[in-house]
Amino acid sequence: MDCIFCRIANGEIKGDVVYQDDEVVGFRDLNPQAPHHVLFVPRRHVATVNEFDDADATLIGKLVLAAGKVAADLGVADEGYRLVTNCNGNAGQTVFHVHLHMLAGRVMRWPPG
Ligand code: AMP
């Protein structure tokens, strides 16, 4: 299986990594949609949110906690940021390794496009 985010997470391909721990890696998006755009991925390959199960509850929490830590480090926690995960076609998922987008540094609109 050739997964670009697995390869970034295991260091095979160089990413702009801003966070890592035993289970989660955070790296800057190649095509940022905001002044700060960081993707948080589990080190373990999980294709979409649909493949998570109850045993992954802690891992899912760790993705959110990592995003919160990086937002604090970047100084955007108080002004605000958006966390988004796209699942499958209608949501526009293009990379099939689960990732949490953290977008910050500008005002976000709602509803999203
Ligand atoms: P999604 O459309 O939710 O699947 O998001 C995939 C994201 O991955 C997009 O925002 C892309 O810009 C980003 N992306 C794709 N390839 C890379 C890469 N090699 N390094 C960093 N970000 C990437």
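Both counts, for ligands and for their atoms, begin at 1 and track the order of listing.
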>> Which option wins on minimum heavy-atom distance to atom 22 (N) of ligand 1: L100, V41, L30?
In response: L30
>> With heavy-atom distances below 4.0 Å as the criterion, list the atoms of ligand 1 near R28.
In response: 21 (C)
>> Using a 4.0 Å heavy-atom cut-off, which part of L39 comes near ligand 1: side chain, backbone, both, or neither?
In response: side chain
> Taking only heavy atoms of I4, which atoms of ligand 1 are found under 4.0 Å from at least one of them?
Replying inline: 19 (N)
>> Tell me the closest heavy-atom pair linking A71 and Y81, and the distance in Å.
In response: CB-CE2, 3.5 Å
> Any idea which protein heavy atom is nearest atom 5 (O) of ligand 1, and the distance to it?
Replying inline: H99 NE2, 2.9 Å
>> Let me confirm one number: the CD-CZ distance from E79 to R106, rounded to the nearest 0.5 Å.
In response: 12.5 Å
>> Using only atom types and a distance under 3.5 Å, with no angle test, would you say the side chain of D21 pairs donor to acceptor with the backbone of V24?
In response: yes
>> As an exercise, state the distance from CZ of F40 to CD of E23, rounded to the nearest 0.5 Å.
In response: 15.0 Å
>> To check your reading of the model: name the closest protein heavy atom to atom 20 (N) of ligand 1, its residue, and the distance in Å.
In response: I8 CD1, 3.7 Å
> Are the ring centres of F5 and H99 closer than 6.0 Å?
Replying inline: yes
> Which residue holds the protein heavy atom closest to atom 4 (O) of ligand 1, what is that atom called, and what is the gap in Å?
Replying inline: T94 N, 2.7 Å
>> Side chain, backbone, both or neither: which applies to V84 and ligand 1 if a contact is any heavy-atom pair less than 4.0 Å apart?
In response: neither
> Roughly how far, to the nearest 0.5 Å, is CG of D29 from NE2 of H37?
Replying inline: 4.0 Å
> Should R43 and D22 count as an ion pair when the cut-off is N to O under 4.0 Å?
Replying inline: no
> Mind checking whether G15 has a heavy atom under 4.0 Å from ligand 1?
Replying inline: no
> Side chain, backbone, both or neither: which part of I13 has a heavy atom under 4.0 Å from ligand 1?
Replying inline: neither
> Do other residues, nucleotides or ligands put more than 12 heavy atoms under 6.0 Å from the CG atom of N90?
Replying inline: no
> Can any side-chain N or O of E51 pair as donor or acceptor with the backbone N or O of H45 at less than 3.5 Å?
Replying inline: no
> Under 4.0 Å from any heavy atom of N31, which atoms of ligand 1 are there?
Replying inline: 12 (O)
> N/O of Q93 under 3.5 Å from N/O of ligand 1, yes or no?
Replying inline: no
> So, is V95 polar-close to ligand 1, with some N/O to N/O distance under 3.5 Å?
Replying inline: yes
> Any N or O on N86 sitting closer than 3.5 Å to an N or O of ligand 1?
Replying inline: yes
> Who's the nearest protein heavy-atom neighbour of atom 11 (C) of ligand 1, and how far?
Replying inline: D29 OD1, 3.4 Å
> For atom 8 (O) of ligand 1, what is the nearest protein heavy atom, given as residue, atom name and distance?
Replying inline: F5 CZ, 3.4 Å
> Which heavy-atom pair separates V49 from T85 by the least distance, and what is that distance?
Replying inline: CG2-CG2, 3.5 Å
